[in-house]
Engineer: 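Structure incoming, see below.
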Amino acid sequence: MSKECVGVIGSGSFGTAVANILSKNSKVLLYARNAETVEKIKSTRISNGQHLHENITVTNSLEEVAQKCNVIFPVVPSSNFREMMRQFAPFLHPYHVLIHGTKGLDLILPHETPTDFKMDRSCIRTMSEVIREESVVVRVGCMAGPNLAKELALGHPAATVIASPFNEVINEGKRLLRSEKFQVYGNQDLKGVELCGVLKNIIAIASGIISGLGFGDNAKGLLISRGLVEMIYLGKALGGEISSFIGLAGIGDLVATASSQTSRNYTIGFKLAQGKSMDEAIAEMEETAEGVNTIKIIKQLADAQGIKPLITDTLYKILYEGMKPQDGLSYLMKYPGNIDIDFL
């Protein structure tokens, strides 16, 4: 057991699971934003339904996390990530290492949008880019892979990818996270690995719809294979490398998230197929399903750039334009396709 202290920002289901994994090798300081939540966790030693390891201390002070921890894992929804970094930034120094676990995008648009404005890659930020924009931290990375929080909480065997252009960050991630039931791999394509985690959420929503409509594994296999192709095209357009998408953070995470009833994004799709509206489905969720916001961002980017990712485009119509899930599936099945794999 190391005497060092590692920070985790965010006490949601995944943040709590990460804290418990880290606690096997180090002391952990877990940050929760709400003071009442912190007091409740302290008294019950339960966070988001998970019992906390004895090596975990809970706090609602970002300053304390920065002072006591050199390596910090931010795990908060993308919609709150930039604001969290703005609050955190005054306490951070260049020696800090931040490895985030957020699978979402941040959208930046001009305050006054010209009539001929076209969205491009410069309007979209991954969470590592938000960290660099809002703080002095340089050594950043991300944690991505088939990491369903409920299975991690149960201690089931799993693995993740630590991605960073800095070998030091990858090695720190491996050292802190690796255990007999949790394997850790490295990848220097930070942007590609981040995009894997972001884009697979779109396909997971579609997978939930397929299951909700009562279709079987053949349809799901079709979706996952075509979804991977769409992820690769979008990932390349946004600056990722193909190799990341056919690894653990890409197809590994895609298969897990698109197949699991414990996945938030899968659950949203399932509820939509059962006749719930998007607002109703979201209201019934305890935590954020990142894919909903990702679909909106990717749709805007695709329209501006004149490209048409079929699955994303159809899901946008289901979520925001009132298309029935059954009609969306029928449209995708009727769309002519010629070549299976054409990106290699």
Side-chain angles (χ1 to χ4, degrees), residues 6-10 12 14-15 18 22 31 62 65-66 69-89 91-108 120-145 147 160-174 176-177 184-201 231 234-241 243-245 247-250 253 288 290-291 293-294 297-298 301:
V6 183
V8 177
I9 307 296
F14 186 50
V18 170
L22 289 165
Y31 169 86
L62 288 171
V65 175
C69 308
N70 288 348
V71 182
I72 302 163
F73 290 75
V75 190
V76 299
S78 59
S79 57
N80 302 330
F81 200 95
R82 187 177 289 275
E83 180 58 30
M84 178 276 295
M85 282 305 305
R86 286 174 176 168
Q87 295 174 11
F88 201 16
F91 313 119
L92 293 171
H93 301 278
Y95 61 74
H96 281 111
V97 173
L98 265 61
I99 303 173
H100 77 82
T102 300
K103 298 176 178 178
L105 295 170
D106 186 65
L107 183 61
I108 302 293
D120 57 23
R121 175 64 178 86
S122 66
C123 301
I124 295 174
R125 302 290 188 276
T126 63
M127 297 305 105
S128 67
E129 290 169 333
V130 173
I131 292 171
R132 287 198 181 105
E133 286 181 355
E134 298 293 345
S135 74
V136 296
V137 176
V138 176
R139 294 177 297 170
V140 299
C142 82
M143 175 183 179
N147 300 151
T160 196
V161 175
I162 299 297
S164 176
F166 299 95
N167 286 327
E168 180 185 359
V169 175
I170 293 173
N171 291 334
E172 281 291 277
K174 289 180 178 180
L176 293 168
L177 288 165
V184 185
Y185 299 91
N187 190 321
Q188 291 197 317
D189 178 24
L190 173 57
K191 191 176 297 181
V193 170
E194 285 182 294
L195 291 170
C196 286
V198 168
L199 296 172
K200 58 87 187 177
N201 286 331
M231 284 172 57
L234 289 169
K236 285 179 64 179
L238 292 168
E241 297 177 8
S243 58
S244 296
F245 286 85
L248 183 68
D253 197 4
T288 302
E290 290 282 4
N293 188 51
T294 301
I297 293 175
I298 296 299
L301 176 67

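All values derive from a computational prediction rather than experimental measurement.
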Engineer: From Met231 CE over to Ser244 OG, what is the distance, rounded to the nearest 0.5 angstrom?
Structural biologist: 10.5 Å

Engineer: Compare every heavy atom of Ile99 with every heavy atom of Pro74, then report the nearest pair and how far apart it is.
Structural biologist: CD-O, 3.3 Å

Engineer: Shortest non-hydrogen contact from Ile72 to His96?
Structural biologist: CD1-CD2, 3.8 Å

Engineer: So, using side-chain contact (heavy atoms from CB on, under 4.5 Å) as the criterion, who are the partners of Ala237 when residues are at least two apart?
Structural biologist: none

Engineer: Taking C-beta and beyond as the side chain, do Pro165 and Leu190 meet within less than 4.5 Å on heavy atoms?
Structural biologist: yes

Engineer: Rounded to the nearest 0.5 Å, how far apart are CD1 of Ile170 and OG of Ser164?
Structural biologist: 5.5 Å

Engineer: How close do Val130 and Arg82 get, heavy atom to heavy atom, and via which atoms?
Structural biologist: CG2-NH2, 3.6 Å

Engineer: Do any pairs count as a salt bridge (Lys or Arg N to Asp or Glu O under 4.0 Å) and have a residue in residues 161-170, sequence neighbours left out, and if so which ones?
Structural biologist: Arg139-Glu168

Engineer: Could you walk me through whether Lys236 and Glu241 pass the salt bridge (Lys or Arg N to Asp or Glu O under 4.0 Å) test, one step at a time?
Structural biologist: CA-CA 6 Å; Lys236 285 179 64 179; Glu241 297 177 8; over 6 Å; no

Engineer: Any side-chain heavy-atom pair from Tyr185 and Thr160 closer than 4.5 angstrom?
Structural biologist: no

Engineer: By salt bridge (charged side-chain N to carboxylate O under 4.0 Å, His left out), which residues pair with Asp253, not counting sequence neighbours?
Structural biologist: Lys103, Lys200

Engineer: Mark yes or no for whether Thr102, through its side chain, and Val76, through its backbone, hold a donor-acceptor pair below 3.5 Å.
Structural biologist: yes

Engineer: Taking His100 for the side chain and Val75 for the main chain, is one N or O donor matched with an acceptor at less than 3.5 Å?
Structural biologist: no

Engineer: The criterion is side-chain contact (heavy atoms from CB on, under 4.5 Å); which residues satisfy it with Val198, sequence neighbours excluded?
Structural biologist: Leu105, Thr294

Engineer: Decide yes or no for Asn171 and Phe166: does some side-chain heavy atom of the first lie under 4.5 Å from some side-chain heavy atom of the second?
Structural biologist: no

Engineer: Show, in sequence, the C-alpha distance, side-chain angles and deciding distance for Asn70 and Val97, and conclude whether the side-chain contact (heavy atoms from CB on, under 4.5 Å) test is met.
Structural biologist: CA-CA 6 Å; Asn70 288 348; Val97 173; over 6 Å; no

Engineer: Just jot down the side-chain contact (heavy atoms from CB on, under 4.5 Å) partners of Glu129, sequence neighbours excluded, or say none.
Structural biologist: Arg121, Arg125, Thr126, Lys191

Engineer: Where is the tightest heavy-atom contact between Val65 and Tyr31, given as atom of each residue plus distance?
Structural biologist: CG2-CB, 4.1 Å

Engineer: Is any side-chain heavy atom of Met85 closer than 4.5 Å to a side-chain heavy atom of Leu92?
Structural biologist: yes

Engineer: Answer yes or no: is there a side-chain heavy-atom contact under 4.5 Å between Ile124 and Leu238?
Structural biologist: yes

Engineer: Return yes if a side-chain donor-acceptor contact under 3.5 Å exists between Gln188 and Asn167, otherwise no.
Structural biologist: yes

Engineer: When rounded to the nearest 0.5 angstrom, what distance separates CG in Leu301 from SG in Cys123?
Structural biologist: 8.0 Å

Engineer: Evaluate the side-chain proximity of Val6 to Phe73: yes if any heavy-atom separation is below 4.5 Å, no if none is.
Structural biologist: yes

Engineer: Heavy atoms only: give me the nearest Val140-Ser128 pair and the separation to one decimal.
Structural biologist: CG2-CB, 4.0 Å

Engineer: Can you tell me how far CD of Glu134 sits from CD of Gln87, rounded to the nearest 0.5 angstrom?
Structural biologist: 11.0 Å

Engineer: Tell me every residue that passes side-chain contact (heavy atoms from CB on, under 4.5 Å) with Thr288, counting only those two or more places apart in sequence or in another chain.
Structural biologist: Pro77, Glu290

Engineer: Measure across Leu199 and Gly235 and return the closest heavy-atom pair with its distance rounded to 0.1 Å.
Structural biologist: CD1-N, 3.8 Å

Engineer: Verify the neighbour count for atom CZ of Phe91: are there more than 12 heavy atoms of other residues, nucleotides or ligands below 6.0 Å?
Structural biologist: yes

Engineer: Does any part of the side chain of Phe81, heavy atoms only, come nearer than 4.5 Å to the side chain of Ile131, both counted from C-beta?
Structural biologist: yes

Engineer: When rounded to the nearest 0.5 angstrom, what is the spacing between CD1 in Ile162 and SG in Cys142?
Structural biologist: 7.5 Å

Engineer: Going by heavy atoms in the side chains, are Val161 and Met143 under 4.5 Å from each other?
Structural biologist: no

Engineer: Quick one: pull up OG in Ser78 and CD1 in Ile297 and give me the separation to the nearest 0.5 Å.
Structural biologist: 6.5 Å

